[in-house]
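First the structure, in the form of structure tokens, and then the observations on it.
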Protein chains: 2
Amino acid sequence: MDNNKIISSAVIRRLPRYYRYLGELMEGGIQRISSNELSTKMKVTASQIRQDLNNFGGFGQQGYGYNVKSLYDEIGKILGIDHTHNMIIIGAGNLGQAIINYKDFEKRGFIIKGVFDNDMKLEGKTISGVLVRMTDKMTEFIMENNIEIVALTIPKKCAREIGKIVADAGVKAIWNFAHTDLNLPDDVIVENVHLSESLMRLSYTIANKSK
Amino acid sequence: MDNNKIISSAVIRRLPRYYRYLGELMEGGIQRISSNELSTKMKVTASQIRQDLNNFGGFGQQGYGYNVKSLYDEIGKILGIDHTHNMIIIGAGNLGQAIINYKDFEKRGFIIKGVFDNDMKLEGKTISGVLVRMTDKMTEFIMENNIEIVALTIPKKCAREIGKIVADAGVKAIWNFAHTDLNLPDDVIVENVHLSESLMRLSYTIANKSK
DNA sequence: TAGATTGTTAATCGATTAACAATC
DNA sequence: TAGATTGTTAATCGATTAACAATC
């Protein structure tokens, strides 16, 4: 595998879905699968699956197909979920709570080390076992606990400011749920989850589907 | 405008973002903008903006640029948010509550008519003014209240079953937050929000960013 | 070995960018 | 009118699909 090769974001976008399907095959006790069978299940072309995987190496075997477990593990490694990531949530509202309560993230190695909010009434409380801290302790906490990822589940109006603070504190990536772009330096990774945009795309499709 | 022309999903994906930037310009009192100025703000090419918009008609004026308010309105129409959509939430957990509490959806015309859950303890309670009903009343409610959109904020294991029920009840679109594909007939629109996939893409970027 | 299926190259298709004539 | 900026065509770039030789 050529570590310097740049993989297109179209490929990366599909990897987690492969990972999910392979996980389900494993749960179903399936040990091998061909690109053709997988393509039928996933409603993509077999060609695309083989092209995508071969960006990272030859994981299959001619005449046999792919070993489900080992392909699953390989994709896990590629996605960087073969090791843990320390994470905090900023914003203890429903969305922040939803992320904390969804235990699968933790299973995948995303360890939630704390929740931050500026509502004094929440100080010292716990949400699903995670302690709520006040926002002014954030920078110190990030540096002392080796926090890599921040989930920003706060309103748009304060998102940029907080984004800048956590970027300065040295986090590697921000998972941004605020309905705005953060405009941070390029060395900070930002993965946006813009729910309002998702809902508008859905609305577009309702308005324009042909039949 | 040619109503039969099929617009690529790459274009549709960008429209809500244009809409958001135009909204912010309006709030800032800006009345006109050129594709070039907008391209700088949004970090895309001016060419792309002009190409994208011209899929739907010539909204600009040579030598002048685009009128912010009227372009905003036009994109709103294209996205189908110039009129209301009745919506229900299935799953009264944190994620469902987050959607109900986020008042901007309602402002954009997505009217939340009810929340459904199978937890008997919640029956008759309200979440931010929206009544929680039991899942067995769902089909009847959808048909009687002209529900177009269902937000599925329930665990993966029951998502497919519920998806099928609401599709049969006649909803046009499902906003799917469950970590699975729904595999419904093509006439039901499904917009997926797979948070775990988003987080894995973020993880990939952490593992593979060059500098 | 024969059959199956990958890995990979070539062909096609689509999306983005560049360029510029049209026009306000 | 002159300058600015669109709308639109052409050129480029990238992603997907098809095809098939390599090989298990």
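Every chain is numbered from 1, with letters handed out A, B, ... down the list of sequences. Since we're looking at a predicted model, the values are computed, not measured.
Listed nucleotides: D:dT5, C:dA15, C:dT5. Nearest to the side chain of B:Q62: D:dT5.
The CD1-C1' distance, from B:I6 to C:dA15, rounds to 16 Å in whole Å. Separating the CG atom of B:N54 from the P atom of C:dC20 is a distance of 19 Å, rounded to the nearest angstrom. Rounded to whole angstrom, the span from the CD atom of B:Q48 across to the C1' atom of C:dG14 amounts to 13 Å. Counting to the nearest Å, the C1' atom of C:dA22 and the CD atom of B:Q61 are 13 Å from each other. Rounded to whole Å, atom P of C:dT6 lies 14 Å from atom CG of A:D52. Rounded to whole angstrom, the span from the CG atom of B:L38 across to the C1' atom of D:dA4 amounts to 17 Å. Per the geometry, CZ belonging to B:F59 stands 12 Å off P belonging to D:dT8, to the nearest Å. The nearest whole Å value for the distance from the CZ atom in B:R14 to the C1' atom in C:dG14 is 12 Å.
In terms of phosphate contacts, B:T45 brings no side-chain nitrogen or oxygen within less than 4.0 Å of OP1 or OP2 of C:dT16. A:Y66 has a side-chain polar atom (N or O) that falls below the 4.0 Å cut-off from OP1 or OP2 of C:dG7. Side-chain nitrogen and oxygen atoms of B:R50 include none within less than 4.0 Å of the OP1 or OP2 phosphate oxygen of D:dG7. Look at B:S8 and you'll find a side-chain N or O under 4.0 angstrom from OP1 or OP2 of C:dA15.
Electrostatic pairing of A:R14 and A:D52 counts as a salt bridge here, judged by a charged N lying under 4.0 Å from a carboxylate O. Checked for salt-bridge contact, B:K113 and B:E148 miss the test: no charged N lies under 4.0 Å from a carboxylate O.
B:S47 comes within contact range of at least one nucleobase, with a heavy-atom separation under 4.0 Å.
Under the Watson-Crick or G-U wobble criterion, with both distances below 3.5 Å, C:dG14 is paired with D:dC13. Nucleotide D:dA4 forms a pair with C:dT23, judged by Watson-Crick or G-U wobble geometry with both contacts under 3.5 Å.
B:Q51 contributes a side-chain N or O that forms a donor-acceptor pair with the base of C:dT17 under 3.5 Å.
The one candidate from A:I99, A:I90, A:N94 that meets the side-chain contact (heavy atoms from CB on, under 4.5 Å) condition with A:T153 is A:I99.
No close placement of the A:Y21 and A:Y18 rings is indicated, their centers lying 6.0 Å or farther apart.
Geometrically, B:R32 does not engage B:Y66 in a cation-pi contact, judged by NZ or CZ lying under 6.0 Å from the ring centre and within 45° of the ring axis.
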